[in-house]
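See below for the structure under consideration.
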Amino acid sequence: MIHILLTIFLYISEPYQQWEGAESAYSNVFMQFLASNDLMPVVLAVSLLIWFTLLAFVIRLDFKLTRLEKQYNSED
Amino acid sequence: MPAEAIPKILSKSKSQFIFALAIWKYIVAVWLTIVIIAGFAVDIPMIPILEETSRNLVFHVPMWFSMTFLFFVGVVYSIRYLNSGNMEMDRMAASLTKVGIVLGICGLLTGSIWARFTWGTWWTFAEPKINLSAMAMMIYVAYFVLRSAFDDPQKRAKMAAVYNIFAASTIPFLLFIIPRQLPSLHPGADGNPAFDEITAPELRYVFYPAVIGFIGLGLWLTDLVRRSDILSEKLAKPE
């Protein structure tokens with residue numbers, strides 16, 4: 001676990017190398033990051049976005065089922 | 001409960017349900033989030049052709065492992081149904097198999113994408129593991145076709161349980177034994193080094209927790225499917 005956390009930290013803290021096709025003068029740090037060669041964090045961010053959306057859907061569904069079960073059992 | 005009352009209940013929001021989830025579900029959610037972060041962030045050795053795509057190992061293979069796990073737990077429930085005649089066992093077997101198929105389809109999709117970027121094709125009939133796993137999926141889809149063919153619940157449960165035993169008995173042969181005897185690009189196949197000989201330790205640290213995480217997610221989804229089936233069955237019954 002420590003190894004993984006350390007790797008994540010080193011990965012994030014590495015300076016970004018500019019992608020050749022990118023405009024050189026992005027003042028925005030976020031845009032500099034997106035235009036860098038190092039796109040793995042972008043893939044990670046998109047994957048996490050999809051994962052959290054799915055997770056929110058599953059958790060919401062679970063709550064709704066619990067609510068329906070309680071309602072149904074109280075009416076029985 | 002009348003069916004028209006359901007939307008009203010669904011639209012209610014109550015704060016007491018925030019902590020209503022079982023603790024193990026929260027653990028699965030956090031566990032898999034860490035697995036996803038580690039899967040993309042961990043520093044891995046660059047193998048020619050595979051390069052960054054080897055990260056797919058922590059998603060693609062655990063999907064197959066968890067599918068196999070769910071199918072085998074499903075067949076245990078089918079056998080328990082045949083022993084006891086308890087319909088709850090049949091429902092559990094059907095729910096596990098349903099989620100197993102979803103994970104299997106995800107495994108096929110992630111495998112197909114991986115094949116495109118490493119072998120240059122989305123699908124090839126020369127690769128036995130791809131085709132045999134697709135065949136395994138079709139055998140399991142037939143399980144649900146069979147279930148839908150019976151109106152009588154007892155008869156459906158009995159036929160489905162017997163079929164499930166047949167379907168589960170094909171999995172070791174289709175996914176593990178036959179592909180290993182034939183020439184294949186997958187690790188562990190005839191002439192290829194096995195998984196533990198070629199996989200970088202960095203990936204393995206993430207891979208094994210990923211297997212546990214995906215099995216946990218599969219069990220969570222099974223729980224949802226089973227509970228929604230119970231509710232729809234109760235609601236379908238006349239008052």
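Only this structure's heavy atoms are used, side chains among them; waters, hydrogens and symmetry mates stay out. Below, read A as the first sequence line, B as the second, and so on, with proteins coming before strands; counting in each chain starts at 1.
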Restricting to pairs with a member in residues 56-67 of chain B, which pass side-chain hydrogen bond (donor to acceptor under 3.5 Å, both in side chains), not counting sequence neighbours?
->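 Listed once each, the pairs are B:H60-B:T110.
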Under 4.5 Å to a heavy atom of chain A? For B:L221 that would be side chain
Please say whether more than 12 non-hydrogen atoms of neighbouring residues, nucleotides or ligands are located less than 6.0 Å from CG in B:D152.
-> yes
Please name the pair of heavy atoms, one in B:I36 and one in A:S47, separated by the smallest distance, quoted to 0.1 Å.
-> CG2-CB, 4.4 Å
At what distance, to the nearest 0.5 angstrom, does [atom1] of [X] lie from [atom2] of [Y]?
X: B:L224; Y: A:K64; atom1: CG; atom2: NZ; value: 12.5 Å
X: B:L217; Y: A:L54; atom1: CG; atom2: CG; value: 9.0 Å
X: A:W51; Y: B:L32; atom1: CH2; atom2: CG; value: 4.5 Å

In terms of heavy-atom pairs under 4.5 Å with chain B, which of A:L48, A:D62, A:L55 leads?
->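 If we count pairs closer than 4.5 Å to chain B, A:D62 comes out on top.
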Counterpart residues, side-chain contact (heavy atoms from CB on, under 4.5 Å), relative to B:A161 (two or more places apart) | B:S78, B:Y81, B:L82
Per-residue contact mode, A:L44 against chain B (heavy atom under 4.5 angstrom) =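 Both parts, heavy atoms under 4.5 Å.
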Minimum side-chain heavy-atom gap B:K234-A:N73 below 4.5 Å |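 A side-chain contact exists here, since the closest heavy-atom pair is under 4.5 Å.
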With the side chain counted from C-beta on, respond yes when A:I59 and B:W220 share a heavy-atom pair under 4.5 Å apart, and no when they do not.
->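 When only atoms from C-beta onward are counted, B:W220 and A:I59 do touch, with a gap below 4.5 Å.
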